[in-house]
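Here's the structure we're looking at; comments come further down.
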Amino acid sequence: MMATKPIAEILRQGKPDESVEIRGWVRTKRELKGFSFMEVNDGSFLANLQVVLNPELPDYENLLKRLSTGASVAVQGVLVASPGKGQRLELKASSVVIYGESDPETYPLQKKRHSFEFLRTIAHLRSRTNTLGAVFRVRNACAAAIHQFFQERGFLWVHTPIITASDCEGAGELFRVTNFNLEAIPQTDKDEIDYSQDFFGRPAYLTVSGQLEAEVMAMSFENVYTFGPTFRAENSNTSRHLAEFWMVEPEMAFCDLKGDQDLAEEFLKYIFKYVLEKCPEDLEFFNQRIDKSVLETADNIINNQFERISYSEAINLLIKADRQFEYPVEWGLDLQSEHERYLAEELFKKPVIVRDYPSKIKAFYMRLNEDEKTVAAMDVLVPKIGEIIGGAQREERLDVLSDRIEAQGLPKDDLWWYLDLRRYGTVPHAGFGLGFERTVQFMTGMANIRDVIPFPRTPLSAEF
RNA sequence: UCCCCUGUAGCUCAGUGGUAGAGCGGUCGGCUGUUAACCGAUUGGUCGUAGGUUCGAAUCCCACCGGGGGAGCCA
């Protein structure tokens, strides 16, 4: 019985004379007079396995006709040292089974390079290309790294709800969740929508963050993290926005802003190192073909101590900067993308953590500092992307939190359970959020976020 | 949501008022080890949609639709 092996395993550690079976999809075929070559890919590896097809194979002529790009095959044979350049091993086929043919007249993928715009229109086939294949392997490795990082440190993976009733995150527009018949929405006497008749008896939404619930869980397990889908209905049309994306949110009890920053830095270093070890060929490919600074970026993250400055220091540095910004720099105003990129890209040339932002420009749950003007927030800024992590020490004092909720005009009654956490056994705690796709973008150098998620959801686009 | 660019063959694009083009792909043939194979031939079109200007529109004007980039918002 012949062992079926992933092509990655064969190319990494296969030996000549070994009998193997592979399965996969034909990437390309080259017919010569006496025999033919075909390259097969099974998604396990960036490179294809070259298969040699000799005329002695049963039904050779007909087989060659049917083995076009995209066809699915199983090949049995013997590994031999390749006399040609470009590969160590090749598979001398003794039997080829075609599972499904692929009409070359209509199969949209060519051997030639395609634009990412075009590939987005064939999202059901694009994962068979070199670049998207590499992206999804890196994405997988990155997800595995995230879990391993937290699991090694005793963090509990908590599953926070996808559907939420609280509209008080202030983080973008929400998608409504309802089972109303939209042709006939129940109304009250006052001609308002009667949510009491809706599925949850109140307005409900898709979550924009699992943070508040993660805080609940941190108050019983100390260290927790969420890793799941998040939804924003913002009409954002940029290369950095998705309506549906994945977010990682650790939350730590008995932790302050310093500990939060330490974890964020350690975390980024860990996942970059992990992916570099697991997918070296893929990252090398990105470095060569997509963005020639990919490896340098990884090295920069892994081997540099992140710069840490306060918001006030950041403002001073920006004022002193030897260049003009489009947007004004002034204490009290939020940092714009151009400011963040200047700090990380030009001034420090490495990741920068900015902390202690003015309270007025940050969320209600962030802890008020002694100066009463700033909050214990921190953003990790990286070259090229800007903000990749946003976090804070949370306000654990009931009275201060109540005041801030009221000051921001938020519905305090809806947050009764969140406030309860401060009534019963409150502790200092902190956490942060990391956009998963932006991280994969950063790692791979892919310019558009729609090309690092298999099935991107953006305004007017949800076909696949 | 705002600003800019763009829509021509399966793909990437040229054509800017006078008969619709190239490269790649596909197909056929050739080639004793190819690997973005190579060489030769061949195939391929409602020029995004609908109006308008004009003797004549892919080309100029208007509207709509799609795609991309940027900004804002954010992760």
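What you see is a predicted model; the values in this text were computed from it and never measured. Naming convention: chains lettered A, B, ... in sequence-line order (proteins, then strands); numbering from 1 in each chain.
When both distances must be under 3.5 Å, the Watson-Crick or G-U wobble mate of B:G66 is B:U6. Nucleotide B:G18 has B:C55 as its partner under the Watson-Crick or G-U criteria, with both atom distances under 3.5 Å. Pairing for B:C38 is with B:G30, a Watson-Crick or G-U wobble pair whose two hydrogen-bonding atom distances lie under 3.5 Å.
B:U42 adopts an anti glycosidic conformation, its chi angle falling more than 90° from 0.
Side-chain N/O atoms of A:H241 and base N/O atoms of B:C74 include a donor-acceptor pair closer than 3.5 Å. Side-chain atoms of A:E31 and base atoms of B:G29 include no donor and acceptor less than 3.5 Å apart. Applying the 3.5 Å distance criterion, the base of B:U1 shares no donor-acceptor pair with the side chain of A:E234. Scanning atom types as modelled, one donor and one acceptor separated by under 3.5 angstrom connect the side chain of A:Q87 and the base of B:U34. The base of B:G10 sits within donor-acceptor range of the side chain of A:Q110, with an N or O pair under 3.5 Å. At a cut-off of 3.5 angstrom, counting only N and O atoms as typed in the model, there is no donor on one side facing an acceptor on the other between the side-chain of A:S236 and the base of B:C74.
Separating the P atom of B:C38 from that of B:G52 is a span of 49 Å, rounded to the nearest Å. Atom name C1', nucleotides B:A57 and B:U1: the rounded distance is 35 Å, in whole Å. For the C1' atom pair drawn from B:U54 and B:A9, the interatomic distance equals 28 Å after rounding to whole Å. B:A22 and B:U8 are spaced 12 Å apart, taking the C1' atom of each and rounding to whole Å. B:G45 sits 31 Å from B:A36 when the P atoms are compared, rounded to a whole Å. Of the C1' atoms belonging to B:C31 and B:G18, the separation is 46 Å, rounded to the nearest Å. Comparing B:C5 with B:A14, their P atoms sit 15 Å apart, to the nearest whole Å. Taking the C1' atom of each, B:G10 and B:C47 are spaced 16 Å apart, rounded to whole Å.
Contact record, A:L335 with A:Y357: CD1-OH, 4.0 Å, taken as the closest heavy-atom pair. Residues A:A218 and A:A253 approach most closely at O-CB, 3.5 Å, considering heavy atoms.
For B:U34, the OP1/OP2 oxygens have no side-chain nitrogen or oxygen of A:S36 closer than 4.0 Å. Contact check, A:R450 against B:G68: a side-chain N or O comes under 4.0 Å of OP1 or OP2. Side-chain N/O atoms of A:R240 include none lying less than 4.0 angstrom from OP1 or OP2 on B:G70. Phosphate proximity of B:G70 to A:T238: absent, as no side-chain N or O sits under 4.0 Å from OP1 or OP2.
No close placement of the A:F455 and A:F464 rings is indicated, their centers lying 6.0 Å or farther apart. Side-chain rings of A:F231 and A:Y205 stay apart, their centers remaining 6.0 Å or farther from each other.
Looking at the side chain of A:S82, the nearest of the listed nucleotides B:G68, B:G70, B:U34 is B:U34.
When each of A:F150, A:F245, A:W246 is paired with A:F227, the ring pair (Phe, Tyr, Trp, His ring centres under 6.0 Å) condition holds for A:W246 and for no other.
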(message) Go through it in stages, so that I can follow the logic: the residues are A:R27 and A:E39, the test is salt bridge (charged side-chain N to carboxylate O under 4.0 Å, His left out), and I'd like the CA-CA distance, side-chain angles, deciding distance and then a yes or no.
(response) CA-CA 5 Å; A:R27 281 290 179 84; A:E39 293 192 31; over 6 Å; no
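Residue A:N448 is the one, among A:N448 and A:E244, whose nearest nucleotide of RNA chain B lies closer to the 5' end (criterion: closest heavy atom). With the nearest nucleotide of RNA chain B identified for both A:S461 and A:I449, A:S461 has the one nearer the 5' end.
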